[in-house]
Amino acid sequence: MPELPEVETIARGLHARVRGKRIATIGISWQRTVDARSLPLSALAGKQINGVTRIGKFVAIELSGGFTLAVHLRMTGRLLVGSPNVQVHAHERARITFRDASVLTFSDARKFGRMRLLRGDAAAQLAVGRDPLDPQLTSNDLKEMMAGRRTPVKVWLLDQRRLSGIGNIYASEALFFAGIRPRRAAGRLTSAECAGLLKSLRLVLRRAIRSGGSSLNDYVDSEGKEGSFQKQFSVYGRSGLHCLQCRGPVRRIVLAQRSTFYCSTCQR
DNA sequence: CCGTTGCCCTGCCAGC
DNA sequence: TGCTGGCAGGGCAACG
């Protein structure tokens, strides 16, 4: 479910609510929630939270001692801060209890989400690519990364080892604003198209962050509130409806087993 | 190396 | 109403 804007919203909310707290205990109620490569979670006891950031689509909970607890929410994961006596709710997979008795719960209906405790350079160990909102990233970088790739540009955008944070929704939305058809081979975009694509990605992602993300089925922020960007989708989920620019029909195709939406008039 | 496919899981909804 | 098949925003391993 969550892509960059949703994870950013969650990370900011958590940062405000758990920074400075010290961990007392952690309990795991679905063992596979813990990534096989994780350091033992027993190391969490006594650690203090220095802050919460986003690395790609990971929520990165930075801890004392150089540790990071990286949480990937996948499709249905939620991280919620609760009062001391918060009930065990449906789909709860893990629970951190702080010394002040407040709790941070991880719930995940589909059990795809994972937590991984790391020490040292988290971004490197998580193998995430460049962040589209990183001001250091240029359209030239984008062009170089796509050079020679025959993969459809929409599929390329979903590869987290190149750019990180873009998922199925924002890939379609950004390509619409850039006027680029999703099936175009990534390596064949012109310099101007790469520049337009990077601009569109940033525009869409920033707008979505401002709306608190998009809520379709499961997404809520760290306080349980839904985002509203789903009301502003231009093409995503709008197959058969009219394009907001040209009034023509929005089309749905499947690329790499993912629904992809575009306007065949506005996108070339 | 590159690109594609199947699979991990559960919930929801349309259609019968 | 009840069942079933298809679908969901992600990512990884296995395969050709």
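Residue numbering restarts at 1 for every chain, and letters A, B, ... go by the order of the sequence lines. These numbers come from the heavy atoms of this one structure, side chains and all, not from hydrogens, waters or symmetry mates.
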Give a yes or no on whether a salt bridge exists between A/Glu193 and A/Arg184, defined as a side-chain N under 4.0 angstrom from a carboxylate O.
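Salt bridge: yes.
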Can A/Asp100 and A/Lys21 be counted as an ion pair, charged N to O under 4.0 angstrom?
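Yes, charged N to carboxylate O under 4.0 Å.
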Does a nitrogen or oxygen in the side chain of A/Ser259 sit under 4.0 Å from OP1 or OP2 of C/dA8?
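Answer is yes, contact under 4.0 Å.
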Kindly say if A/His91 contacts the phosphate of B/dG11, meaning a side-chain N or O under 4.0 Å from OP1 or OP2.
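Affirmative; the distance criterion is met.
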Side chain A/Glu8, main chain A/Arg54, donor-acceptor under 3.5 Å:
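No, A/Glu8 side chain to A/Arg54 backbone: no donor-acceptor pair under 3.5 Å.
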Is the backbone of A/Ile10 close enough, under 3.5 Å, to the side chain of A/Asp221 for a donor and an acceptor to pair up by distance?
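Checking the backbone N and O of A/Ile10 against the side chain of A/Asp221, no donor-acceptor pair under 3.5 Å is found.
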Just the rounded figure in Å: distance from [atom2] of [N] to [atom1] of [X].
{"X": "A/Tyr170", "N": "C/dA8", "atom1": "OH", "atom2": "P", "answer": "17 Å"}
{"X": "A/Arg93", "N": "B/dC8", "atom1": "CZ", "atom2": "P", "answer": "16 Å"}
{"X": "A/Glu6", "N": "C/dG10", "atom1": "CD", "atom2": "P", "answer": "9 Å"}
{"X": "A/Arg150", "N": "B/dT4", "atom1": "CZ", "atom2": "P", "answer": "10 Å"}
{"X": "A/Lys154", "N": "B/dT4", "atom1": "NZ", "atom2": "P", "answer": "13 Å"}
{"X": "A/Trp156", "N": "B/dT4", "atom1": "CH2", "atom2": "C1'", "answer": "19 Å"}
{"X": "A/Lys111", "N": "B/dT10", "atom1": "NZ", "atom2": "P", "answer": "4 Å"}
{"X": "A/Asp159", "N": "B/dT4", "atom1": "CG", "atom2": "C1'", "answer": "13 Å"}

Regarding [X] and [Y], is there a side-chain donor-to-acceptor distance under 3.5 Å anywhere?
{"X": "A/Gln48", "Y": "A/Arg22", "answer": "yes"}
{"X": "A/Asp141", "Y": "A/Thr138", "answer": "yes"}
{"X": "A/Glu92", "Y": "A/Ser29", "answer": "no"}

Taking atom [atom1] in both [N] and [M], what distance in whole Å separates the two?
{"N": "C/dG9", "M": "B/dG3", "atom1": "P", "value": "22 Å"}
{"N": "C/dA14", "M": "B/dC9", "atom1": "P", "value": "15 Å"}
{"N": "B/dG6", "M": "C/dG6", "atom1": "P", "value": "14 Å"}

State which of [options] makes the closest approach to the side chain of [X].
{"X": "A/Arg32", "options": "B/dC9, B/dG6, C/dA8", "value": "B/dC9"}
{"X": "A/Phe112", "options": "C/dG9, B/dC8, B/dG3", "value": "B/dC8"}
{"X": "A/Met75", "options": "B/dG3, C/dA8, B/dC9", "value": "C/dA8"}

The answer to which of A/Gln257 and A/Arg162 contacts DNA chain B further toward the 5' end, by nearest nucleotide, is A/Arg162
Walking DNA chain B from its 5' end, the first of A/Arg110 and A/Arg149 to be reached, judged by nearest nucleotide, is A/Arg149
Which letter, B, S or -, goes with each nucleotide of nucleotides 11-16 of chain C from 5' to 3', with contact meaning a protein heavy atom under 4.0 Å?
B-----
In the structure I gave you, are the side-chain heavy atoms of A/Thr53 and A/Glu62 within less than 4.5 Å of one another anywhere?
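Heavy-atom side-chain distance check passes, below 4.5 Å.
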Based on Watson-Crick and G-U pairs with both distances under 3.5 Å, what dot-bracket line describes DNA chain C 5' to 3', crossing pairs as [ ] and inter-strand pairs as |?
.|||||||.|||||||
Enumerate donor-acceptor pairs with a distance under 3.5 Å from any side-chain N or O in residues 147-157 of chain A to protein atoms, sequence neighbours excluded.
unit_1	atom_1	unit_2	atom_2	d
A/Lys154	NZ	A/Asn168	OD1	2.4
A/Lys154	NZ	A/Ser259	O	3.4
A/Lys154	NZ	A/Thr260	OG1	3.0

What's the separation between atom NZ in A/Lys111 and atom OG1 in A/Thr33, rounded to the nearest 0.5 Å?
8.5 Å
Sugar-phosphate, base or nothing in reach of A/Tyr236, heavy atoms under 4.0 Å:
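Answer is sugar-phosphate: A/Tyr236 comes under 4.0 Å of backbone atoms only.
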